[in-house]
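Only one structure is covered here, and it is reproduced in the block below.
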Amino acid sequence: MKKEILVADKTYWIGYIDNRNVPFHRLILEKGTTYNSYLLKTEKPTVIDTVDISFGRQFIESLSEYINPQEIEYIVINHVEPDHSGGLPLLANKAKNAVIVTTELGAKELKDMYKLHNREFIIVKDGDTLDIGGKTLKFFETPYLHTEETMITYCVEDKALYSCDIFSSHVATYDLFNDLSKDDITPDFEGYYKLIMHPHRPYVQDMIKKVRKLDINLIAPSHGYILRENVKTFIDIYDEKSKPVGKNKKALIIYSTMTGNTKKIANYLSIGLNEKDIDVELINVKTDIDMKKIKESIEKSDLILFGSSTRYGDIVGGIEEILKEIKHMNLSSKLAIAFGSYGWSGEAIEVINDYLKDTNMNVIESSYMIKTTGMNDIMLPIRVKFNPSENDIENLKHTARTIGDLLIG
Ligand code: FEO
């Protein structure tokens, strides 16, 4: 038997140390990583998270050193990405009666990914608990940390937080516990935060509020070091680094409207930005344009949204004149977004976007959001067909809040 790695009472590390140069999110993890999985050998034996999909066989071997996998009653999946759920198909095959515990979205994704439609699931929500025979697990939803379906699991009796991606580090360490490391682990811990968590910093703040209410002696994440010394310091690092830093940011929403729908879009975007304490100036461009005043407003703003309705496949009002005029201004520090209402194709929105790309502003589009945050529910440029529906209104405010977070850093 390999050396037993005890994490807490009757709780064992059954992960895999991956000391390759691991390709990850368009980077190479030169220090490798670990995929930490945990066996809670209680009356109802429970596995929390698994390992990368490449190491399923080794995972089952490690688990089998401690228990016959058929005895597993619960498999908790905190996060569906295959570096943590990748051992699930093999484990589920061995532990035929085990119930899978995860969030509603997690269950949907796991069923689709691994063809687990016939398995029994327990869907958990924020604050739900599960008695695993001698220990109590409590679950908290932590969306977007790292993807939308994610949750964390707290063991009440052990005061242990199983945080999956959160509070991780990418290091192929054989020490496993932070107090055993000969090196200061802080640079690796902070580097991981910057790469994986910081793009989702508003969600980090939501998570911190939940975690602060727990009495935590141990954080057992799913990559890198298990934290059992100076635990609060690591929570404080996340808290400090995810706080908004940009105060007094300004946005300008400048638009032309045909029937009033683009004006409504502008107003809902303004509401979402205001919720993030961003000052918003709205300019409805009519045919008589005060170009000097508009250029001054653009100079003063950190984010500029240009909008127009589409009529006969083209921009309406004076927006095009403004776009031509600003082409030669130095606006390199500013973010820009196109928006508008439309009835059929919405060409004006795309034409505005083309003009913006011809300036030196940073034009924000959906692809940028996906690459920087992984969020794929933000549609940019912003397009709304006819009169904004209730659903459109919620999307517009959500989009504005998300852009606001991007602006305030
Ligand atoms: Fe370690 Fe989001 O996966």
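Order of listing sets the numbers, starting from 1, for every ligand and every atom in it. Just so it is clear, the structure is predicted and the values come from calculations on it, not from any experiment.
At atom 2 (Fe) of ligand 1, the angle from ND1 in H146 to NE2 in H79 is 110° when rounded to 10°. Rounding to 10 degrees, one finds that atom 1 (Fe) of ligand 1 sits at the corner of an angle of 170° between D83 OD2 and D165 OD1.
Among the heteroatoms counted here (N, O or S) of H223, NE2 is the one nearest to atom 1 (Fe) of ligand 1. Per residue E81, closest N, O or S atom to atom 2 (Fe) of ligand 1: atom name OE1.
With hydrogens and angles left out, the side-chain atoms of Y193 and H198 include a donor and acceptor closer than 3.5 Å. In the model, E157 has a side-chain atom that pairs as donor or acceptor with a side-chain atom of T136 under 3.5 Å.
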* **From CA spacing to verdict: ring pair (Phe, Tyr, Trp, His ring centres under 6.0 Å), F59, Y16** => CA-CA 7 Å; F59 169 63; Y16 186 84; 10.0 Å; no

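Between Y192 and H223, the ring planes lie tilted relative to each other; the angle falls in the 30° to 60° range.
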